Trainee: 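Provided herewith is a single structure, encoded as structure tokens, for subsequent inquiry.
Letters A, B, ... mirror the listed sequences (proteins, then strands); counts begin at 1. Computed from a predicted structure; not experimentally measured.
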Amino acid sequence: GNSVTQMEGPVTLSEEAFLTINCTYTATGYPSLFWYVQYPGEGLQLLLKATKADDKGSNKGFEATYRKETTSFHLEKGSVQVSDSAVYFCALSDPEDDKIIFGKGTRLHILP
Amino acid sequence: NAGVMQNPRHLVRRRGQEARLRCSPMKGHSHVYWYRQLPEEGLKFMVYLQKENIIDESGMPKERFSAEFPKEGPSILRIQQVVRGDSAAYFCASSPGEYGNQPQHFGDGTRLSIL
């Protein structure tokens, strides 16, 4: 079945540091891949997405590239801010059904 | 606010009571999804509904839990005879549904606490 595995947190970085959150997936078809962000006390917000191999999704300085050969969709940001502190979820959607499968989330703390 | 609306934001129930969680999808969206999030965990799919139809309830416990999405009004997730283990955040999402791979838009969730 489909699944998503992402690095466990918490991840603690200083402001302006480089961020990588690893995400790998298993899927039977050709899924779309997503990163969602959850700020404290709120629901999930779509951060970025990629729908086919080699696509790069980007938003708010974050980016992730759909790598079919390594079944990965790692999230990166060149210089993090305190306001980026949140929980980040990697997810996939199989075109055969409309369910989205989430990873367990990675909590990110950015220190000023 | 044209987003997904959930209410209440917080709900407290005693063991054995019923909990009703409501979700109004985004305007124009006909597909609703319910997820449960336990502390420090990701979201687990529960049920997927279209208007008046349950499409997939594979993630929903067989007993005490039910969901509906009537022709008029919000989608309701109902938990009967609640137990401590039902304490969680319950999120609703909606999508237009015409095509696959539509990113779902999420509400802010209902945080259910069982005393």
Trainee: What part of A/Leu44 gets closer than 4.5 Å to chain B, counting heavy atoms only: side chain, backbone, both or neither?
Mentor: both

Trainee: Hydrophobic clusters here meaning ILVMFWY residues chained together by side-chain heavy-atom distances under 4.5 Å, can you tell me if B/Ile114 and B/Trp34 are in one?
Mentor: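 Hydrophobic grouping puts B/Ile114 with B/Trp34.
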
Trainee: Measure B/Gln37 against the heavy atoms of chain A and call it side chain, backbone, both or neither at under 4.5 Å.
Mentor: side chain

Trainee: Can you establish whether the number of heavy atoms outside A/Glu15 located under 6.0 Å from its atom CD is more than 12?
Mentor: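 Result for CD/A/Glu15: enclosed.
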
Trainee: Between atom CZ of B/Phe106 and atom OH of A/Tyr36, what is the distance when rounded to the nearest 0.5 Å?
Mentor: 5.0 Å

Trainee: Output the distance between atom CZ (A/Phe34) and atom CD (B/Gln104), rounded to the nearest 0.5 Å.
Mentor: 8.0 Å

Trainee: Taking CD in A/Glu8 as the centre, count heavy atoms belonging to other residues, nucleotides or ligands within less than 6.0 Å. Is the count above 12?
Mentor: no

Trainee: Relative to chain B, which segment of A/Gln45 carries a heavy atom at a distance below 4.5 Å: side chain, backbone, both, or neither?
Mentor: neither

Trainee: Give me the contact list for residues 68-79 of chain B versus chain A, heavy atoms only, anything under 4.5 Å, ordered by residue number.
Mentor: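 When heavy atoms of chain A are the reference, residues 68-79 of chain B contributes no residue within the under-4.5 Å range.
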
Trainee: Shared ILVMFWY cluster between B/Leu49 and B/Ile55, side chains joined below 4.5 angstrom?
Mentor: no

Trainee: Could you tell me whether A/Glu69 atom CD has more than 12 heavy atoms of other residues or ligands within 6.0 Å of it?
Mentor: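 Enclosed.
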
Trainee: Taking A/Phe62 as the starting point, is it possible to reach A/Trp35 by hopping between hydrophobic residues whose side chains are less than 4.5 Å apart?
Mentor: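 Same hydrophobic cluster.
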
Trainee: Just checking B/Arg9: does its CZ atom have more than 12 heavy atoms from other residues, nucleotides or ligands closer to it than 6.0 angstrom?
Mentor: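 Yes, CZ of B/Arg9 has more than 12 neighbouring heavy atoms, counting only those of other groups under 6.0 Å.
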
Trainee: Please say whether more than 12 non-hydrogen atoms of neighbouring residues, nucleotides or ligands are located less than 6.0 Å from NZ in A/Lys68.
Mentor: no

Trainee: Is there a path of hydrophobic side-chain contacts, each under 4.5 Å between heavy atoms, that joins A/Met7 and A/Leu13?
Mentor: yes

Trainee: Identify which of A/Gly41, A/Ala91, A/Gly105 forms the greatest number of heavy-atom pairs closer than 4.5 Å to chain B.
Mentor: A/Gly41

